[in-house]
**Q** 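Sharing a structure, written as structure tokens. Questions coming.
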Amino acid sequence: MTSYRPIKTAVFPVAGLGTRFLPATKAIPKEMLTIVDKPLIHYAFEQAQEAGIENFIFITGRNKETISNYFDHAFELQSTLEEKGKNALLSATKDWLPPAGNIAYVRQQEPLGLGHAINCARNFIGDNAFAVILPDEMMVSEKPFLKTMVEFYHANGGNVLGVADCAPEDTDKYGIVDVQSEDGDVIQVKSMVEKPAPADAPSNISITGPYILQPEIFDLLSKSQKGKGGEIQLTDSINTMIQTTKTSGIRFVGKRYDCGSPSGFLQANIACALKRDDMKHDIERMLKEFIV
Ligand code: G1P
């Protein structure tokens, strides 16, 4: 059996301004807004850990320092919790932290698009395949989706993309794939296009992430011209790479929340609260009161 380059590193693009959440994001990164009691970025990070990823690269920008503080020890807080014997809370602050040296932060410096953000990680990834996780997309499924994708990758190689059907009128919100062939939840991708108008869309199968990408993407990203919206698009470079590298889409089976929009973010909060034994009953009661 062929063995493919292992996936040890995940890249998290977190440099965006989060304008849809203003005024909150005037002072707090969007990724630090909470779903119940954990910041959004923590769910993306857990997805990576559950898939066996060991190194984490955050592509950040100005005013994102709270993200690096979050992925670090907080000694005063931790010693106070320890003194008071609040062990569960103490664990919640630190048990999930990776060892020192396994997290890196790279500043994007200029907001030139998702492709440009990912290319900022090129010197730290070198010749390895890697994952890209978009923190806005909160994906809840029985088996962690990236884990499913990594297993598929170890058997098949190539690029692997998370995809999902979207409403036909929403194709202009996503990268959209053209399908070569389809077998159950696995799609062989013929080409892809960033945010086409519904009339021009080759299908209604949207790219949701995560992505597993071969490092050859960096040469293409480095040469890429600006695309849709005047930005360097990841979709454009993957589309070029399809000519030389098999690219598969795995259909996501589960519940997906677009936490890049306030409404999707609220839905994710309610759904996560309903899963919590300590809140479920209160939230159910409240929802019944609202819906008359
Ligand atoms: C990005 C990608 C797009 C993808 C989407 C998923 O767009 O460019 O191809 O479908 O994420 O959320 P953005 O949401 O950053 O505009």
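First listed ligand is number 1; within each ligand, the first listed atom is number 1. Positions are given from 1 along the sequence. Basis for what follows: all heavy atoms, side chains included, without hydrogens, waters or symmetry-related copies.
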**Q** Any non-hydrogen protein atom below 4.0 Å of atom 14 (O) of ligand 1?
**A**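 So atom 14 (O) of ligand 1 lacks protein heavy-atom neighbours under 4.0 Å.
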**Q** Quick check against the 3.5 Å criterion: does Q233 have a side-chain atom that pairs as donor or acceptor with the backbone of K228?
**A**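 Confirmed, Q233 side chain pairs with K228 backbone.
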**Q** Does I207 come within less than 4.0 Å of ligand 1, judged by its heavy atoms?
**A**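 I207: in contact with ligand 1 (<4.0 Å).
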**Q** Among I242, D178, T247, whose side chain to side chain contact (heavy atoms under 4.5 Å, CB included) with K190 holds?
**A**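 Testing K190 for a side chain to side chain contact (heavy atoms under 4.5 Å, CB included) against I242, D178, T247 leaves exactly one candidate, D178.
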**Q** Within 4.0 Å of atom 10 (O) of ligand 1 (strictly less), any protein heavy atom?
**A**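 Yes, there is a protein heavy atom closer to it than 4.0 Å.
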**Q** If the cut-off is 4.0 Å to any non-hydrogen atom of T235, which atoms of ligand 1 fall inside it?
**A**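 Every atom of ligand 1 under 4.0 Å from some heavy atom of T235: 9 (O).
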**Q** Does any N/O atom on K173 come nearer than 3.5 Å to any N/O atom on ligand 1?
**A**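 Between K173 and ligand 1, no N or O pair is found under 3.5 Å apart.
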**Q** Whether D258 and K173 form a salt bridge (side-chain N of Lys/Arg under 4.0 Å from carboxylate O of Asp/Glu) is what I want to check.
**A**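 No salt bridge links K173 with D258.
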**Q** Does K38 come within less than 4.0 Å of E46, counting only side-chain N to carboxylate O?
**A**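 So K38 pairs with E46 through a salt bridge.
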**Q** Nearest protein heavy-atom contact for atom 1 (C) of ligand 1: which residue, which atom, what distance?
**A**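 I find the closest protein heavy atom is L114 CD2, 4.0 Å.
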**Q** Below 3.5 angstrom, do we get any N/O pair linking T208 and ligand 1?
**A**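 In this structure, T208 places no N or O atom under 3.5 Å from an N or O of ligand 1.
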**Q** Please say which of I232, I238, D236 ends up in a side chain to side chain contact (heavy atoms under 4.5 Å, CB included) with L234.
**A**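 Considering I232, I238, D236, a side chain to side chain contact (heavy atoms under 4.5 Å, CB included) with L234 is found only for I238.
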**Q** Can you tell whether the side chains of R251 and D165 come within less than 4.0 Å, N to carboxylate O?
**A**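 The answer is yes: the pair qualifies as a salt bridge.
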**Q** Using a strict 4.0 Å cut-off to heavy atoms of L134, name the atoms of ligand 1 that fall inside it.
**A**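 Within the 4.0 Å cut-off of L134, ligand 1 contributes 6 (C), 11 (O), 12 (O).
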**Q** Are the charged groups of K147 and E151 less than 4.0 angstrom apart, N to O?
**A**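 A salt bridge links K147 with E151.
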**Q** Got a salt bridge between R62 and E110, using NZ or NE/NH1/NH2 to carboxylate O under 4.0 Å?
**A**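 Here R62 does not pair with E110 in a salt bridge, since their nearest N and O are not under 4.0 Å apart.
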**Q** Under 4.0 Å from a heavy atom of G175: which atoms of ligand 1 are those, numbered in the order shown and with their elements?
**A**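 Counting atoms of ligand 1 from 1, those under 4.0 Å from G175 are 3 (C), 4 (C), 9 (O), 10 (O).
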**Q** Could you identify the single nearest non-hydrogen protein atom to atom 2 (C) of ligand 1 and state the distance to 0.1 Å?
**A**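 The protein heavy atom lying closest is E194 OE2, 3.6 Å.
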**Q** With heavy atoms of E137 as the reference, note each atom of ligand 1 found under 4.0 Å away.
**A**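 Ligand 1 atoms under the 4.0 Å threshold to E137: 6 (C), 12 (O).
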**Q** Heavy-atom contact under 4.0 Å between K195 and ligand 1?
**A**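 Flag set, K195 near ligand 1.
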**Q** Go through ligand 1 atom by atom and flag the ones less than 4.0 Å from a non-hydrogen atom of Q233.
**A**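 In order of numbering, the contacting atoms are 8 (O).
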**Q** With a distance cut-off below 6.0 Å to the six-membered ring centre and an angular limit of 45° from the axis, does K195 pair with Y174 as a cation-pi contact?
**A**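 Not flagged: K195 not positioned over aromatic ring of Y174.
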